[in-house]
Amino acid sequence: MARQSPGVSDTSELTPAETRVWRAFPRGESVDFRAENEDPALGDTWGAERTVRASVLRALLLKAPLEEGEIAALKLAGARIIGVLDLKYATIDAAVRLSHCHFDSVPDLYGAELRQLNLSNSVLPGLTSATLRVEGVLRMTDCRVRGPVRLGGAQISGALFMERAEFTAADDSEPVLQLNQATIGDDLWAPEMRAHGQVRLTGASVAGRINIQDAEFDHPGGTALDAQNLTVGGHVRARCLRAQGRVELRGSRISGRLDLLHAHLSHPGDTALRASSCVIGELWVSGGDRIKGALNLRRSHIEILTLEPEMLPDQVYLSNLRYTVLTPHEPAERRLPMLERDGGRYEPHSYEQLMAAYRHVGDDDAARLVQLAKQRRRRTTLAWYGRLWGYVQDATVGYGFRPLRAAVWLVSLMALGSIAYGLHHPRPVKAGEAPDFNPVFYTLDLLLPVIDFGQESAFAPQGWYQWLSYALIITGWILATAIVAGVTRTVSRQ
């Protein structure tokens, strides 16, 4: 005779449906109450022939008799489970599969230890399972949960499957899915998951990959995905992700690739994606709509950064961001605008980093353009006299990155002086001792502060020609000083 167990004083008190489950358990046999094409959400319309009390399942898992030579397992499908399935702090050696079931009350698995748990295709009003330990796999594939799922601190040795699962809650007083501080020994597999409310992954650790491709995180005006300090051993596949609300990844460590190809991120008026202070192998942000909200990558270290200019929002925070490779390779003119969207502040490191990325691929012309843009941006932060001198250096030699401008200025001024003094020779200072007048070398004498051809000291222009000589002398000194300053700056940057 079967031993008595909590909640069940005698097996004769079991309903026919419960008896089927009780007898199947010791041999690990499946019990399936499903009809064709039924919806588990309509569990309240199912009759007694498929209703099982949660207290019976608890008794079955804790104290039901076992059969020698058989492996016990609870394999139940298509049942309506009434009452609270209370397995708090319980240690269950048998595998538990409650698929396509409808739970009337929130199961309480707080602190429980299970070999394996499968809730696929079930409908639950919530799940209390913080600090749960699962030796194998936890499956919630195609689940529909109408209240908070509390898996904070859970330890899952295998994978966590949540494909096409849907999480909602009556209010947003707490996240609809809580995996904070959870440890997953394999993958977190949740493509096409739907979360209407916040999903929390703060401090979680996933040894394998995370797949949230085609998933939806819907929490407008708040944080849709809070994954601060997340640690992932592999890739995070988030292609075609749709997030209404902030995606928070601050302080995360992702060894592989964070794939946001074709993602749609929206949090207008605030930060749409914050991946600051992160260490990421590769970050792909391309192919999707323009991000609605700010992009924050401050203080992060990314080996390969893929950023499409078309996806970048009006605010891009890149202070102290480090990356080795920037793709796709774009002209500097298409990359520079993102450096001007950092809250209007001048961030020299951002320009130096972009310059290094261009040099890494051998595009020295683009690197020089970035250096020139950096000096022009720096000029806006200077006092009026610093800005004035900056404009002079920019106009004359492009801060040293446009040396041919100096030659153009020199040739133009030499032509101007040569024509002017060729049409009207200045008088000699000492008649009979002056050399033959040469307008070209006389003009060069005025323009070049160091070189002396003996023309300037031998002739003395008058009237406006004298003022022209003064202008050429001053311009020559300014041009020479700008050239020296620009060349010195360029050499020091090499």
Side-chain angles (χ1 to χ4, degrees), residues 331-333 336 340 346 351 355 363-494:
E333 293 84 355
L336 286 169
E340 301 172 359
Y346 168 58
Y351 288 89
M355 179 189 68
D363 194 343
D364 291 333
D365 290 337
R368 284 191 289 270
L369 278 176
V370 175
Q371 286 182 300
L372 178 58
K374 175 189 173 185
Q375 294 301 323
R376 289 172 174 170
R377 183 77 182 279
R378 176 179 175 273
R379 184 174 65 207
T380 63
T381 67
L382 303 177
W384 68 267
Y385 48 84
R387 292 197 299 273
L388 180 60
W389 178 237
Y391 282 117
V392 170
Q393 292 185 81
D394 195 358
T396 54
V397 290
Y399 286 98
F401 305 115
R402 295 287 186 270
L404 288 179
R405 285 187 183 178
V408 172
W409 277 101
L410 182 63
V411 171
S412 300
L413 292 172
M414 187 177 66
L416 174 64
S418 299
I419 293 172
Y421 294 116
L423 295 175
H424 188 280
H425 292 193
R427 64 177 179 81
V429 175
K430 295 181 180 181
E433 298 182 10
D436 293 338
F437 180 75
N438 188 309
V440 174
F441 284 95
Y442 181 74
T443 303
L444 285 175
D445 251 353
L446 296 174
L447 281 173
L448 303 178
V450 178
I451 299 176
D452 184 6
F453 293 104
Q455 292 281 317
E456 179 185 359
S457 59
F459 297 93
Q462 296 178 331
W464 77 270
Y465 293 100
Q466 186 176 15
W467 288 105
L468 175 61
S469 67
Y470 294 156
L472 290 174
I473 292 172
I474 294 173
T475 304
W477 275 104
I478 293 175
L479 185 61
T481 305
I483 291 173
V484 171
V487 170
T488 302
R489 180 182 295 106
T490 302
V491 171
S492 67
R493 293 291 185 273
Q494 298 301 321

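Annotation for Glu333 and Leu369: closest pair OE2-CD1, 3.3 Å, computed over non-hydrogen atoms. Taking both residues in full, the closest heavy atoms of Ala366 and Ala332 are given as O-CB, 3.9 Å, listed atom of the first, atom of the second, then distance.
Inspection of the Arg377 and Tyr351 side chains reveals an N or O donor paired with an N or O acceptor under 3.5 Å.
The side-chain contact (heavy atoms from CB on, under 4.5 Å) search around Ile419 returns Leu423, not counting sequence neighbours. In this structure Pro426 satisfies the side-chain contact (heavy atoms from CB on, under 4.5 Å) test together with Tyr421, Phe437, Tyr442, Phe459, Pro461, sequence neighbours excluded. With sequence neighbours excluded, the residues satisfying side chain to side chain donor-acceptor pair (under 3.5 Å) with Asp363 are His329.
In the displayed structure, His425 atom NE2 is contacted under 6.0 Å by more than 12 heavy atoms of other residues, nucleotides or ligands.
The CE atom of Met355 lies 7.0 Å from the NZ atom of Lys374; values are rounded to the nearest 0.5 Å. Considering CZ of Arg379 and CG of Leu382, their distance stands at 9.0 Å, rounded to 0.5 Å.
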